[in-house]
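Here the structure is laid out as structure tokens; the discussion comes afterwards.
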Amino acid sequence: MIFSNMVLIPKCKSRVILFLWLLGITALLNGSAVEARIRRYKWEVKYDYKSPDCLKKLVITINGGTPGPTITAQQNDTIIVELTNGLLTENVAIHWHGIRQIGTPWFDGTEGVTQCPILPGTTFKYQFVVDRAGTYLYHAHYGMQREAGLYGSIIVGLPDGKSEPFTYDYDRNIILNDWYHKSTYEQAAGLSAIPFQWVGEPQSLLIHGRGKFNCSTLTTPSLDAGICNATNPDCEPFRLIAVPGKTYRLRISSLTALSALSFQIEGHNMTVVEADGHYVEPFVVQNLFLYSGETYSVLVKADQDPTRNYWITSNIVGRSAPNTPPGLGVFVYYPNHPRRSPPTTPPPPPLWNNTDPRLAQSHAIKARQGYIHTPPSRSDRVIVFLNTQNTINGNVRWSVNNVSFALPHTPYLIALKENLTHVFDQTPPPDGYDFQNYDIRIVQENRNATSSNGVYRLNFNSTVDIILQNANSMSLGTSETHPWHLHGHDFWVLGYGEGKFDMFNDPKKYNLVNPIMKNTVPVHPYGWTALRFRADNPGAWAFHCHIESHFYMGMGVVFAEGIDKVGKLPSSVMGCGETQGLYRP
């Protein structure tokens, strides 16, 4: 390794670091030299006909595939993705989910927040540093394109010479998803229609891009007799080959459009060791519950009868979806034939409406001893977000504190940096709701809400508490699970609770000793979740429900912090709204 024997004295250390950074050949970490690499990718995003669940439909692919290519890197590497939009009639943008974009907020990939969309036929270059090891994701962040197949994984390893606090023999990656047969355009049109047309439950569940729809259940005959073909190799079950006695690290992620999921491997325990890029105090599960936007690593040992294969299953929880078949894969014990089906029926799923085991898993996720990032003991600001379903001028919307979010035509980051105060509402949204009088368990008599594109301005380096409060929707007895994702930051998960958050007593129960840090977290039905984060990353950052239809319908906010510390914006992120004519490829 270059300079591996160099001894640095304090006066010279910063100069040597700067010198090496300018050369682009090394980065110094903890006083030792570690090579940092540049990882280059060239992607074309376009539509292809695919049959991930046996039914052929148009799918958004990267270089012809979905899921897209896995980005593999080491901590502190630079990722460069040259993305060409080949969709012909659609814009696109890609968000690097879990990557904090320190120093590059304009490459977060959130259309309307950090950049203008990438126009058809143009090429856009994303360039950012992956500053922390772990399991992350990327996906479309324009309209509802994510659920059309535009997603993939980012796997960041530790620098050479560093080791993790657990051991395993093999590393595998699995993305879970749900799958709709209607196009995202059809779904979006229904969500915006009067009367409202809900997207419904998914037709299939995919395990790493593969599922199985029952073609015999098609209600309308297709002109194309081959549109649903159960023998299509595209929908062959996902298979994971396991060598008996070996331990596997499975990086399991969820990018569902709607569904909360349970995941299990028949007859095998899973030890949870990582969540959203942070080490977890290990605990054992047979069912792993995942919410859209979450990533986990689990350790699985191939220690069962090696003469047979075992089912891998995913099932919907939190919603009644009797017509959605489970996602099915096969855990294949080598040298059994991969196509040999397990001799059993798939294991039964957890009860879809039993929240107790899901809440128990949420409580069980703590930071691993030796890897605890202690949170600040108190916050500078508390913001309570009441999650509600409302109507605005006859349209059904999702809202936060009775305000439904709408994106402006000029991205926030550009507007804030260039002081374009007229392009979005300068009145900040509310920090709370009528805590004393609001009953979270009933359908409200007044269901009207307002729409706003205002932002929450946070003092730079301040500590902010967010309380996510769930409530009844506009259907009696219904409170949905909402997974909330924060861009540009990780947050400490201080606690979960049932019922209405008590601002006087519940903070006394916060876990300030070993809270896990995450970027995505659920708020359970009729419950609350408490988060804390430092507003220490200059930029404009989305915080939103990761359910595609819910964010489309207004369930999100934007935080602005340290805008004066944001560097010069590249002209490539411009070209829309008030920035038309400023775009330079």
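The analysis underlying the following values was restricted to heavy atoms, covering all of them including side chains, and did not include hydrogens, waters or symmetry mates.
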Taking side chain as C-beta onward, heavy atoms only, is [X] less than 4.5 Å from [Y]?
X: Thr520; Y: His97; value: yes
X: His409; Y: Val423; value: no
X: Tyr296; Y: Ile365; value: yes

(Q) Can you tell me how the ring of His139 sits relative to the ring of His95, calling it parallel under 30°, perpendicular over 60° and tilted otherwise? (A) perpendicular
Q | side-chain hydrogen bond (donor to acceptor under 3.5 Å, both in side chains) partner of His489, the single match among Glu561, Arg534, Gln101, Arg100 | A | Glu561
Ignoring hydrogens and geometry beyond distance, is a side-chain donor-acceptor pair present between [X] and [Y] at under 3.5 Å?
X: Thr184; Y: Gln187; result: no
X: Tyr552; Y: Ser192; result: yes
X: His487; Y: His544; result: yes
X: Thr391; Y: Asn448; result: yes
X: Glu90; Y: Tyr185; result: yes
X: Ser379; Y: Asp465; result: yes

Q: Taking the six-membered ring for Trp and the full ring for Phe, Tyr or His, determine whether the centres of Phe107 and Phe128 are under 6.0 Å apart.
A: no
(Q) Could you check whether Phe533 and Phe559 have their ring centres less than 6.0 Å apart? (A) yes
Q. Given the rule in the side-chain hydrogen bond (donor to acceptor under 3.5 Å, both in side chains) test, do Glu548 and Tyr180 qualify, once you have shown the distances and angles that lead to the verdict?
A. CA-CA 12 Å; Glu548 282 277 60; Tyr180 287 84; over 6 Å; no
Grab the two heavy atoms, one from [X] and one from [Y], that are nearest each other, plus how far apart they are.
X: Phe385; Y: Asn387; result: O-ND2, 3.1 Å
X: Ile155; Y: Thr135; result: CD1-CG2, 4.1 Å
X: Ser259; Y: Ile316; result: OG-CD1, 3.6 Å

Q) Has Asn505 got more than 12 heavy atoms of other residues, nucleotides or ligands less than 6.0 Å from its CG? A) yes
Q | Crowding at CD1, Ile194 (>12 non-hydrogen neighbours, <6.0 Å) | A | yes
Q: Name all residues meeting the disulfide (SG to SG under 2.5 Å) criterion together with Cys545; count only those two or more places apart in sequence or in a different chain, and write none if there are none.
A: none
Q: Say whether, by atom type as modelled, one donor and one acceptor occur between the side chain of Gln361 and the main chain of Phe289 under 3.5 angstrom.
A: yes
**Q.** Side chain Glu578, main chain Ala415, donor-acceptor under 3.5 Å
**A.** no
Q: Could you note down all residue pairs passing salt bridge (Lys or Arg N to Asp or Glu O under 4.0 Å) where residues 497-506 supplies at least one of them, sequence neighbours left out?
A: Asp506-Lys509
Q | Residue list, side chain to side chain contact (heavy atoms under 4.5 Å, CB included) with Pro522, at least two apart or on another chain | A | Tyr291, Glu294, Ser362, Thr481, Tyr496, His524
Q | Salt bridge Arg319-Glu480, side-chain N to carboxylate O under 4.0 Å | A | yes
